[in-house]
Amino acid sequence: MARGGAPEQAATTFRDVFAVAEFRALWLAQLLSVIGDQLARVALTVLVYDRTRSALLAAITFVVSIVPTFVGGITLAWLADRYPRRGVMIVCDLVRCGLVLVMAIPGVPLAGMVTLLFVVTLVGAPFLSARAAILPDVLEGDRYVVGTAVTLTTFQFAQVIGFAAGGTIVGFFGTRPSLVIDAATFAASALIVRG
């Protein structure tokens, strides 16, 4: 018993959070989307370096893939409040899937591919906003606090794993097949959110 005669409440655990099926689906969709973003960054950066042998252009490509995260957060986050959040997440994933498939087409010029990567990253911002906005509807009280911690940790972990996996996949399969695999991660994320 706690002070004042009130019974102690058991601390919320990760198991409690992952017991919620909708949270598990959102978590997995987030994991796939972040890994997909990282895979696209690695694949295109490697492709630019392979074609130009310029470390500067490869670095610029990488920076171009990060800047839209901030720009999109400011300019596109409102979509998550104006439209159904789950629908926003699905549309964002499908748009990113389509754009990455275009990037995988042979003959697309490097400037076009870098522009497409910019847009792919830009479209990720409403996805993240919608996922963050839907979380309080899925988890309540202490579960929300623990779920938020899991989500933030997963985001950071997926970024690191995405780079490692991206480098491995690009090294093993090559750039264009890696982009197709990347598109598949977005399609799988959309299916999970829809389900």
Side-chain angles (χ1 to χ4, degrees), residues 26 28-52 57-80 83 85-132 151 154-171 173-194:
L26 289 171
L28 185 56
Q30 175 198 12
L31 184 66
L32 288 170
S33 284
V34 173
I35 288 174
D37 284 338
Q38 301 302 75
L39 180 54
R41 284 185 182 110
V42 171
L44 194 54
T45 302
V46 168
L47 182 64
V48 167
Y49 183 76
D50 280 348
R51 284 199 193 169
T52 65
L57 289 177
I60 289 171
T61 301
F62 186 78
V63 169
V64 164
S65 75
I66 293 175
V67 170
T69 302
F70 306 108
V71 174
I74 295 168
T75 60
L76 298 176
W78 61 271
L79 292 169
Y83 298 101
R85 292 167 181 151
R86 199 172 304 276
V88 168
M89 293 172 70
I90 291 168
V91 168
C92 287
D93 274 338
L94 292 177
V95 167
R96 291 189 288 178
C97 175
L99 292 172
V100 172
L101 285 175
V102 171
M103 290 167 59
I105 296 171
V108 176
L110 281 180
M113 293 181 79
V114 171
T115 302
L116 287 170
L117 181 60
F118 182 92
V119 177
V120 166
T121 309
L122 190 69
V123 173
F127 176 93
L128 293 174
S129 296
R131 187 200 40 76
T151 299
T154 299
F155 182 78
Q156 294 169 347
F157 178 74
Q159 285 186 316
V160 173
I161 292 299
F163 281 128
T168 303
I169 291 169
V170 170
F173 293 106
T175 305
R176 296 202 189 277
S178 298
L179 289 170
V180 173
I181 292 168
D182 178 25
T185 66
F186 292 124
S189 175
L191 285 172
I192 290 167
V193 171
R194 186 178 183 279

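Just so you know, these numbers come straight off a predicted model, no measurement behind them. Residues: numbered from 1 along the sequence shown.
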Inset, instruction - Kindly give the heavy-atom pair with the smallest separation between Val48 and Ala58, and that separation in Å. - result: CG1-N, 3.9 Å
Inset, instruction - Determine whether Phe173 and Ile181 make a side-chain contact, defined as any pair of heavy atoms from C-beta on separated by less than 4.5 Å. - result: yes
Inset, instruction - Kindly compute the distance separating OG1 (Thr151) from CD (Gln156), expressed to the nearest 0.5 Å. - result: 11.5 Å
Legend entry - Single hit among Leu44, Val95, Leu99 for side-chain contact (heavy atoms from CB on, under 4.5 Å) with Val120: Leu99
Inset, instruction - Please identify each residue that fulfils side chain to side chain donor-acceptor pair (under 3.5 Å) with Asp93, with sequence neighbours left out. - result: Ser33, Arg96, Ser189
Inset, instruction - Please check if atom CZ in Arg51 has more than 12 non-hydrogen atoms from other residues, nucleotides or ligands closer than 6.0 Å. - result: yes
Legend entry - Close side-chain approach of Leu110 to Leu47, heavy-atom, < 4.5 Å: yes
Legend entry - Closest non-hydrogen atom pair between Leu179 and Ala40, with its separation: CD2-CA, 4.4 Å
Inset, instruction - Mind checking ring-ring contact (aromatic ring centres under 6.0 Å, His included) for Phe163 and listing every partner two or more places apart, or none if nothing turns up? - result: Phe62
Inset, instruction - Report the C-alpha separation of Leu117 and Val64 in whole Å, then their side-chain angles, then the decisive distance to 0.1 Å, and conclude whether the side chain to side chain contact (heavy atoms under 4.5 Å, CB included) test is met. - result: CA-CA 8 Å; Leu117 181 60; Val64 164; 5.8 Å; no
Inset, instruction - Heavy atoms only: give me the nearest Val108-Val102 pair and the separation to one decimal. - result: CG2-O, 3.4 Å
Legend entry - side chain to side chain contact (heavy atoms under 4.5 Å, CB included) partners for Leu76, two or more places apart: Leu79, Leu122, Pro126
Inset, instruction - Go through the structure and list residues passing salt bridge (Lys or Arg N to Asp or Glu O under 4.0 Å) with Arg86, not counting sequence neighbours. - result: Glu22
Inset, instruction - Tell me, please, which residues at least two apart from Gln38 pass side chain to side chain donor-acceptor pair (under 3.5 Å). - result: Arg41
Inset, instruction - Mind checking the OG1-CD1 spacing from Thr154 to Ile161? Nearest 0.5 Å is all I need. - result: 11.0 Å
Legend entry - Residue pair Val100 / Phe186, side-chain heavy-atom distance below 4.5 Å: yes
Inset, instruction - To the nearest 0.5 Å, tell me how far Phe155 CZ sits from Arg131 CZ. - result: 8.0 Å
Inset, instruction - List the atom of Ser178, the atom of Leu39, and the distance in Å for their closest heavy-atom pair. - result: O-CD2, 3.5 Å
Inset, instruction - Quick one: pull up CD1 in Ile192 and CG in Leu28 and give me the separation to the nearest 0.5 Å. - result: 3.5 Å
Legend entry - Note, Leu26 side chain near Met89 side chain (heavy atom, < 4.5 Å): yes
Inset, instruction - Any pair with a residue in residues 173-192 that passes salt bridge (Lys or Arg N to Asp or Glu O under 4.0 Å), sequence neighbours left out, goes on the list, sorted by first then second residue, please. - result: none
Legend entry - Full working for side chain to side chain contact (heavy atoms under 4.5 Å, CB included) between Ile66 and Thr121: CA-CA 7 Å; Ile66 293 175; Thr121 309; over 6 Å; no
Legend entry - From Ile60 atom CD1 to Thr52 atom OG1, the distance as rounded to the nearest 0.5 Å: 9.5 Å
